[in-house]
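The analysis underlying the following values was restricted to heavy atoms, covering all of them including side chains, and did not include hydrogens, waters or symmetry mates.
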Amino acid sequence: MPAARGAARCALAGLLLLLLLLPPAAAGTDSKARSCGEVRQAYSAKGFSLASVPYQEIAGEHLRICPQEYTCCTSEMEDKLSQQSKLEFENLVEETSHFVRTTFVSRHKKFDEFFRELLENAERSLNDMFVRTYGTLYMQNSEVFQDLFTELKRYYTGGNVNLEEMLNDFWARLLERMFQLINPQYHFTEDYLECVSKYTDQLKPFGDVPRKLKVQVTRAFIAARTFVQGLTVGREVANRVSKVSPTPGCIRALMKMLYCPYCRGLPTVKPCNNYCLNVMKGCLANQADLDTEWNLFIDAMLLVAERLEGPFNIESVMDPIDVKISEAIMNMQENSMQVSAKVFQGCGQPKPAPALRSSRSVPENFNTRFRPYNPEERPTTAAGTSLDRLRTIWRTMQHGVTDIKEKLKLSKKFWSTFPYTICKDERVTAGPLNEEDCWNGHTKARYLPEIMNDGLTNQINNPEVDVDITRPDTFIRQQIMALRVMTNKLKNAYNGNDVNFQDTSDETSGSGSGSGCTDDICPTEFDFITTEAPPVDSDRREVEASATQPGRSLQMLLIIFISLILQRQWR
């Protein structure tokens, strides 16, 4: 029996010695925590091969980013997950900026289509109305009006057109043509006609129509073109800034935040919200610096949008432009005798025209009522129908202006709130309400460092991202300058002042190619003074009233002269 007890004691002692020599995990107290099963499953779900993934934790001295403790990551895994974190970050930025980018893209397309169609319809309407009203006389001089619309289109699409000079040239050319028609008994040289055109402003042969129309057309077109140009710039800046290229320091921080939990065997634990904010503020520091200029740009866009809704409404200018020009022509008719006398006095007596043929009778088929256009006779053909449709489109566009104003307001402070928007995503962080059971960069616990302020200079002490605050991103600075230039143009457009979009040599100077304002109509500074647009209907009533004033004797004299010149052409 003593021998048996001695053998038992020896066996027990040997067993205890064996247990002491075994690794702690073999004792069975925490074997699940050291398994890499969950990591293998999560790693495979990302599309990676499991060939290099250990089944149990290994020593982590080989890790360059994650904590060098026992780990489920090999060097190959850390490299792949680092690239994965970079890719996911770039996708997050692009996805988060999708709203602001699509806002500018879709609205630019709608506004651009509307303005182009408005111009096309206005030109068709004028042509149809003038053919019905003036017939052959208009068709023989139609290029004057075609050139007007060609230049308006060229201006709108970004051409280097001085609106004021272009409109002055239109009225001068129209005066030359009409002056020859009302004085067919004289021969006019090019030099003489040039002298005639110099009297356009002094004599005011077309009444006050050119001045009013110049103000209305220039400020409406300036606002329309600048607004659409602003939508283009906003779209381009948002597209460019959303294509980020993270720095090496940012990539390290992203890997540590998003995938070091994998290496620690905690693939389901998400980053703490405040930890995410510091990482994103460091990675998006340059984008945040865009915010000040972006907000000024959005404010300027909103103010020009208000102009387009009210006093600079381009539809209220272009729809009745045919009636306004017709009114000007009738003013010229009624004042033809006085205009001719003053021109002869200033430019000299012209030479008589070559002798006309003996027959001077008015052809029987000539319309003796060279009359003004009656708006009630607006045609119901395709042109009229399309104008009615355009009014429906414009009502939709007015709702569109309201819509884009709301969208623009939502995009303010977009770049400074970018990190907050990303870190609110439940796919990224554990959320602000779960501050204990989240990944803090080292383990599953609360994140203690303070949150950094926005912008590059505030990242000097960022605990998560190594940011060189002495080297601002030149690409982002270019976008800031683009916004600054566009904001300056929007300010000018708000005040009715033109800016040459082709002039890139001195973008920030604000020098323009003309003005759509007079001192008594538009403010001279960006002081946000609002004005009311004159009702379109009242304009039409004035046109009708002025176009039907007595002037029969002058008209009959004009008819005789026109008949003579037409007769000479027919023979």
Atom of S411, atom of W294 and distance for their closest heavy-atom approach: O-NE1, 2.9 Å
Flag side-chain contact, heavy atom, 4.5 Å: K413 against S416: yes
D147/F170 under side chain to side chain contact (heavy atoms under 4.5 Å, CB included): CA gap, chis, key distance, verdict: CA-CA 8 Å; D147 290 347; F170 165 73; over 6 Å; no
D473 (side chain) donor-acceptor with N286 (main chain) under 3.5 angstrom: no
Rounded distance (nearest 0.5 Å) linking atom CZ of R235 with atom OG1 of T102: 12.5 Å
R225 NZ/CZ over Y155 ring centroid, <6.0 Å and within 45° of normal: yes
F344 ring center within less than 6.0 Å of Y186 ring center: yes
Quiz item: cation-pi between R116 and Y156, 6.0 Å / 45°: no
CG on L231 to CG on D112, rounded to 0.5 Å: 9.5 Å
Beyond-backbone contact of R101 with S97, side-chain heavy atoms, under 4.5 angstrom: yes
Intermediate values then yes/no, side chain to side chain contact (heavy atoms under 4.5 Å, CB included), E94 and H98: CA-CA 6 Å; E94 191 163 354; H98 180 264; over 6 Å; no
Ion pair K409/E406, N-O distance below 4.0 Å: yes
Min side-chain heavy-atom separation F227-M301 under 4.5 Å: yes
Step-by-step side chain to side chain contact (heavy atoms under 4.5 Å, CB included) determination, M332 to I182: CA-CA 10 Å; M332 173 68 181; I182 63 177; 3.7 Å; yes
Point-to-point distance, once rounded to the nearest 0.5 Å, from CG of L213 to CZ of F206: 12.0 Å
Over all atoms of both residues, closest heavy-atom pair of L119 and F221: CD2-CZ, 3.3 Å
Check: N497 main-chain N/O paired with N495 side-chain donor or acceptor under 3.5 Å: no
V244 versus Q287, closest heavy-atom pair with distance: CG1-NE2, 3.1 Å
Which atom of G455 lies closest to which atom of D289, heavy atoms considered: CA-OD1, 3.3 Å
NZ/K243: more than 12 non-hydrogen atoms of other groups inside 6.0 Å: yes
E293 with R477: basic N within carboxylate O range, under 4.0 Å: no
Shortest non-hydrogen contact between K405 and L302, atoms and distance: O-CD2, 3.4 Å
L483 vs V237 side-chain heavy atoms within contact, under 4.5 Å: yes
Whether W415 and F418 hold their rings parallel, tilted or perpendicular, with breakpoints at 30° and 60°: perpendicular
E176/R173 under salt bridge (charged side-chain N to carboxylate O under 4.0 Å, His left out): CA gap, chis, key distance, verdict: CA-CA 5 Å; E176 290 179 13; R173 289 180 66 193; over 6 Å; no
Flag side-chain contact, heavy atom, 4.5 Å: M166 against L148: yes
Side chain T103, main chain F99, donor-acceptor under 3.5 Å: yes
Side-chain heavy-atom pair N331, V209 within 4.5 angstrom cut-off: yes
Stepwise side chain to side chain contact (heavy atoms under 4.5 Å, CB included) check, T487 with D299: CA-CA 9 Å; T487 301; D299 286 338; over 6 Å; no
Exam field: side chain Y134 to backbone M139, donor-acceptor pair closer than 3.5 Å: no
Y192 and F179, any side-chain heavy atoms less than 4.5 Å apart: yes
Rounded distance (nearest 0.5 Å) linking atom CD of E123 with atom CD of Q146: 6.5 Å
Option from T150, N127, D322, L174 for which side-chain contact (heavy atoms from CB on, under 4.5 Å) with F145 holds: L174
Between CD on residue E334 and CD1 on residue I329, distance to nearest 0.5 Å: 12.5 Å
Plane angle bin for F130 and Y138 - parallel if under 30°, tilted between 30 and 60°, otherwise perpendicular: perpendicular
Side-chain donor or acceptor of T226 paired with backbone N/O of A223 under 3.5 Å: no
L152 side chain near L163 side chain, heavy-atom distance below 4.5 Å: yes
Side-chain H-bond candidate by donor/acceptor type, N335 with K204, under 3.5 Å: no
Donor-acceptor contact present, side-chain T96 to main-chain V93, <3.5 Å: no
Side-chain (D169) to main-chain (E165) donor-acceptor, under 3.5 angstrom: no
Heavy-atom pair of closest approach, residues L175 and V196: CD2-O, 3.6 Å
Side chain N488, main chain R484, donor-acceptor under 3.5 Å: no
Reported CD-to-OG distance for the pair Q345 and S340, which is rounded to 0.5 angstrom: 12.5 Å
Salt-bridge present (K324, E327; N to O < 4.0 Å): no
